Amino acid sequence: MYLQQLMLDIFQKFDGQRSETAAFHLICGKRSGQTIQDVGTFGLEAYFSIMPKLSKQQYLEAFEQLIENGWVFYDEQKTLQLTTRGKDVLEKSNAFHFNGWFYRGNEHVFFKRLSLIVQTFSYVKVKDFRFNPIQKDEEIQAWVKYFLMRHPYKDPSFHLQFRNEIENSIKNLHISEQAKQIVMFRLTGFHLTGWTWQQLASQFDCGELDVQFMFVELLHTWLDLLTLESAQFPLLYRLTENIRIENLLTDSTQKTADLFKRGYSLEQIAMMRHLKTSTIEDHFVEMAMIIRDFPLHQFIDEADVEKVMDVLSTTESKRLKIIREQIPQFSYFQIRLVIAAKGGEYNVRA
């Protein structure tokens, strides 16, 4: 049910301008030019890469359920729309609190660090220093060891401070108690094993995917709080090191951006990188969406930007092809750049 409600929210933002497959790529965090552009065009940063391991089968099963429930349908133009019932379900649903664009799966790294520290404290308390770490990832183990060696990790008062930060920060989160319990039940301690997804789903009478989405949502909310209130929760804030994505460009786009900064043109970059011009154009659209001071004027005059924006804000059509028919003097690339640079508020589709 949780995934279906989330999909309804995405489909409503798409407003019939993307297929169900586009939503799947968004949730999984596909780093293609089209998906990245969808993020900016439709304001879907929150949902990007929130469940990278979601299978196509799981997604399609959820989509079929939406059809069977009568919540979505394809209209005469074969565009995906919410039914009145679907809109009613979405309206009654709780607001989501994801922040996938800035975490992209790194929230799990944060939790792995946390869970290993909590486990270590529980064994140190009973003076058992030889236990099997719950986290097998050597990078996680090395990070936690580095953290512990710089703090009095054997001191009960330090354990208490760490525990208080967890309890107080979790308490301040504006999210369901169920989600808070799910995260706590996942922790492991002395003679206490963290619950599996299956156990949690049984406990809360929901699907395993529902539990996982709630888990991710809480971690995103928690990380946002720790970033904003770092002084109040200094120990937990240290666990957020390198968790939030600072360089939002994909790796390939970053290479294009580096060459562009060195003065190479779009055409030169395409030749140097042995890539299609259209691929490099996708990179520039991504750059325009993410880089605040992107030099839009190098591709289209400021006066022409206003002309494009006027058409975008007044046209009844949401299709890029039809929009260009109204302003044929501008290329598809120029129009896409304006949409990307100006915040994607016009909900335009190809």
Side-chain angles (χ1 to χ4, degrees), residues 50-53 103-173 175-204 208-227 229-230 232-244:
I50 59 176
M51 193 63 66
K53 294 183 179 180
Y103 296 121
R104 306 186 186 186
N106 280 354
E107 65 274 3
H108 295 289
V109 175
F110 165 77
F111 184 77
K112 288 177 181 179
R113 293 171 179 174
L114 175 71
S115 64
L116 185 52
I117 291 172
V118 169
Q119 182 192 24
T120 301
F121 287 170
S122 70
Y123 277 87
V124 167
K125 184 177 180 180
V126 296
K127 299 187 180 342
D128 183 350
F129 299 97
R130 302 184 67 180
F131 60 91
N132 291 321
I134 187 64
Q135 302 299 337
K136 307 302 180 184
D137 188 318
E138 293 183 358
E139 288 188 15
I140 297 295
Q141 292 182 5
W143 193 97
V144 169
K145 183 178 180 180
Y146 183 87
F147 173 84
L148 293 176
M149 294 304 293
R150 279 153 182 76
H151 295 89
Y153 71 93
K154 296 181 182 180
D155 187 342
S157 63
F158 180 69
H159 298 178
L160 180 61
Q161 180 186 355
F162 196 86
R163 176 175 177 171
N164 286 340
E165 285 196 17
I166 293 176
E167 292 180 347
N168 292 332
S169 58
I170 286 282
K171 182 175 62 177
N172 289 338
L173 298 180
I175 202 163
S176 71
E177 290 301 316
Q178 186 176 4
K180 296 177 183 180
Q181 291 179 45
I182 287 171
V183 170
M184 293 300 102
F185 286 162
R186 288 287 290 172
L187 294 172
T188 292
F190 180 70
H191 289 174
L192 182 66
T193 303
W195 288 28
T196 65
W197 299 123
Q198 184 177 15
Q199 290 173 320
L200 289 167
S202 177
Q203 172 69 20
F204 295 106
E208 291 183 37
L209 271 178
D210 294 333
V211 171
Q212 292 177 46
F213 275 113
M214 284 188 276
F215 178 77
V216 171
E217 185 179 24
L218 185 134
L219 291 181
H220 286 185
T221 309
W222 199 2
L223 285 164
D224 287 344
L225 173 69
L226 296 178
T227 300
E229 305 291 345
S230 58
Q232 187 176 351
F233 309 108
L235 296 179
L236 287 179
Y237 176 68
R238 289 183 187 130
L239 273 62
T240 71
E241 180 183 49
N242 297 326
I243 298 299
R244 189 178 177 92

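The shown structure was predicted, so the numbers you read here are calculated from the model rather than taken from an experiment.
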Derivation and outcome, side-chain contact (heavy atoms from CB on, under 4.5 Å), residues Val183 and Trp222: CA-CA 11 Å; Val183 170; Trp222 199 2; 4.1 Å; yes
Verdict with reasoning, Arg186 to Trp197, per side-chain contact (heavy atoms from CB on, under 4.5 Å): CA-CA 9 Å; Arg186 288 287 290 172; Trp197 299 123; 3.7 Å; yes
Leu187 and Gln119: CA distance, side-chain angles, deciding distance, side-chain contact (heavy atoms from CB on, under 4.5 Å) verdict: CA-CA 8 Å; Leu187 294 172; Gln119 182 192 24; over 6 Å; no
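Using a 4.5 Å cut-off on side-chain heavy atoms (C-beta onward), Leu200 and Phe215 make no contact. A heavy-atom distance below 4.5 Å is found between the side chains of Phe147 and Leu239. Using a 4.5 Å cut-off on side-chain heavy atoms (C-beta onward), Phe162 and His151 make no contact. When side chains are defined from C-beta on, Met184 counts as touching Ile166, because their heavy atoms get closer than 4.5 Å. Between Phe233 and Asn172, the closest side-chain pair of non-hydrogen atoms falls below 4.5 Å. Within the 4.5 Å cutoff, no side-chain heavy atoms of Phe190 are placed close to those of Lys125. In this structure, Leu218 and Ile182 have side chains that are not in contact, with every pair of non-hydrogen atoms separated by 4.5 Å or more. When side chains are defined from C-beta on, Phe111 counts as touching Leu114, because their heavy atoms get closer than 4.5 Å.
In this structure, OG1 in Thr221 is found 3.5 Å from CD1 in Ile175, a value given to the nearest 0.5 Å. Here Lys112 contributes atom NZ and Ile134 contributes atom CD1; the two are 11.0 Å apart, rounded to the nearest 0.5 Å. For the atom pair Met214 CE and Leu209 CG, the distance stands at 10.5 Å (nearest 0.5 Å). The CG atom of Leu226 lies 10.0 Å from the CD atom of Gln232; values are rounded to the nearest 0.5 Å. Rounded to the nearest 0.5 Å, atoms CD (Gln181) and CD1 (Ile170) are 11.0 Å apart. With rounding to the nearest 0.5 angstrom, the CD atom of Gln203 is 11.5 Å from the OG1 atom of Thr196.
Close placement of the Phe158 and Phe121 rings is indicated, their centers lying within 6.0 Å of each other. The six-membered or imidazole ring of Tyr103 lies away from that of Phe110, with a centre-to-centre distance of 6.0 Å or more.
A donor-acceptor pair under 3.5 Å is formed between the side chain of Lys180 and the backbone N or O of Leu173. No donor-acceptor pair closer than 3.5 Å links the side chain of Glu107 to the backbone N or O of Leu219. A donor-acceptor pair is defined here as one N or O able to donate and one able to accept, closer than 3.5 Å; such a pair exists between the side chain of Thr227 and the backbone of Leu223.
Other residues, nucleotides and ligands contribute only 12 or fewer heavy atoms inside 6.0 Å of the CD atom of Glu139. Within a 6.0 Å sphere centred on NZ of Lys136, other residues, nucleotides and ligands contribute more than 12 heavy atoms. Atom CZ of Arg163 sits in a sparse spot, with 12 or fewer heavy atoms from other residues, nucleotides or ligands closer than 6.0 Å.
Smallest separation of non-hydrogen atoms from Asp224 and Arg244: OD1-NH1, 3.8 Å. Minimum interatomic distance between Ile117 and Val144 (heavy atoms only, all atoms of both residues): CG1-CG1, 3.7 Å. Nearest heavy-atom pair, Asn106 versus Ile243, reported as atom, atom and distance to 0.1 Å: ND2-O, 3.0 Å. The two atoms that bring Pro133 and Leu116 nearest to each other are CB-CD1, 3.7 Å, heavy atoms only. Residues Arg113 and Thr240 come closest through the heavy atom pair NH1-C, 4.2 Å. Considering all non-hydrogen atoms of both residues, Thr193 and Thr188 come closest at C-OG1, 4.0 Å.
Side-chain atoms of Glu229 and Ser169 form no donor-acceptor pair, as typed in the model, at a separation below 3.5 Å.
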